[in-house]
Each structure stands twice: as structure tokens, then as C-alpha cells.
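Got a structure for you, questions after.
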Amino acid sequence: MMENKNRYYNLLKVDNGRHNEIDLGEKIGLNEKETMGIIVQLLSEHRVEYRENRACNYRVLKKSSKKKAGNI
């Protein structure tokens with residue numbers, strides 16, 4: 001499951017909203033239930049957010065600069 005999550009996350013990032021989230025999952029062999037499970041995990045990890053991004057309803061979050069500022 002972890003491998004599929006990373007593959008899906010990277011595909012979502014590269015696709016940049018050109019396809020909807022379910023179609024992206026199907027590209028890597030996931031069904032709708034598996035895709036939505038991965039999206040739930042990514043949401044809980046704050047790696048994506050629910051925001052319309054062209055054809056897709058989810059958007060990859062950029063890394064927080066707060067973490068970088070804390071390491072100075």
C-alpha cells in the first residue's frame with residue numbers, strides 16, 4: 001500500500017490537475033476505493049488538500065517554510 005501511495009502522490013504532483021483523481025488512480029491500476037483510501041491518507045499527512053485544481057479535486061501542498069525556519 002505504501003508503494004501505491006507514493007506512486008499516486010508523485011503522479012498527482014506531475015499531473016497538476018489535468019486528470020481527475022480517480023482516473024489517475026486507474027493509470028496505476030487502482031480502483032476507486034483504493035484511490036480514495038490513499039487520498040484520505042495523504043490528507044491526514046497534510047501532503048494534499050481538497051481544493052479544485054482544474055479536473056482534479058485535490059492539490060499537492062508545497063513543503064512548509066516554517067519547518068525550514070525552525071532549522072536555522
Side-chain angles (χ1 to χ4, degrees):
M1 183 72 157
M2 183 71 145
E3 180 182 319
N4 283 338
K5 182 175 73 170
N6 289 330
R7 287 176 56 208
Y8 184 83
Y9 176 77
N10 290 327
L11 185 59
L12 186 65
K13 193 178 348 180
V14 170
D15 187 71
N16 195 26
R18 288 189 295 269
H19 299 91
N20 75 41
E21 57 276 5
I22 303 304
D23 290 344
L24 284 177
E26 288 176 354
K27 280 187 169 190
I28 59 171
L30 302 173
N31 63 34
E32 184 175 351
K33 184 177 177 181
E34 293 168 320
T35 300
M36 293 311 296
I38 288 172
I39 289 171
V40 167
Q41 288 181 349
L42 292 172
L43 284 165
S44 71
E45 295 170 3
H46 305 285
R47 294 175 71 189
V48 299
E49 68 178 345
Y50 181 79
R51 179 174 292 176
E52 192 174 310
N53 182 18
R54 298 192 276 188
C56 190
N57 290 316
Y58 297 90
R59 183 175 77 105
V60 172
L61 292 172
K62 296 192 188 311
K63 299 233 186 263
S64 173
S65 59
K66 290 180 184 178
K67 288 182 182 178
K68 291 179 187 174
N71 292 333
I72 295 175

Please set out all donor-acceptor pairs under 3.5 angstrom arising from side-chain atoms of residues 33-41, sequence neighbours excluded.
from: Glu34; atom 1: OE1; to: Asn31; atom 2: N; distance (Å): 2.8
from: Thr35; atom 1: OG1; to: Asn31; atom 2: O; distance (Å): 3.0

Tell me, yes or no, whether the heavy-atom count around Glu32 atom CD, taken from other residues, nucleotides or ligands under 6.0 Å, exceeds 12. no
Same cluster or not: are Tyr50 and Val60 linked, directly or through other Ile, Leu, Val, Met, Phe, Trp or Tyr residues, by side-chain heavy atoms under 4.5 angstrom apart? yes
Please step through side-chain contact (heavy atoms from CB on, under 4.5 Å) for the pair Tyr8 and Leu42, ending with a clear verdict. CA-CA 10 Å; Tyr8 184 83; Leu42 292 172; 4.1 Å; yes
Among the clusters formed by ILVMFWY side chains lying less than 4.5 Å apart, do Tyr9 and Leu11 turn up in the same one?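 Yes, one cluster joins them.
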Would a hydrophobic clustering, with Ile, Leu, Val, Met, Phe, Trp and Tyr connected at side-chain separations under 4.5 Å, put Leu43 with Leu24?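 They do share one cluster, since a chain of ILVMFWY contacts under 4.5 Å joins Leu43 to Leu24.
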Set of side-chain hydrogen bond (donor to acceptor under 3.5 Å, both in side chains) partners for Asn20, sequence neighbours left out: Asp23
With no hydrogens and no angle check, is any side-chain donor or acceptor of Glu21 less than 3.5 Å from a backbone partner on Asn57?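 Flag set: sc Glu21 to bb Asn57 pair under 3.5 Å.
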Value rounded to 0.5 Å, distance of CZ in Arg47 from NZ in Lys13: 7.5 Å
Criterion side-chain contact (heavy atoms from CB on, under 4.5 Å) on Ile22 and Glu26, from CA distance to verdict: CA-CA 6 Å; Ile22 303 304; Glu26 288 176 354; 4.0 Å; yes
From Arg54 CZ over to His19 NE2, what is the distance, rounded to the nearest 0.5 angstrom? 10.5 Å
When you measure from the side chain of Asp15 to the backbone N and O of Arg18, does any donor-acceptor pair fall under 3.5 Å?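 Confirmed, Asp15 side chain pairs with Arg18 backbone.
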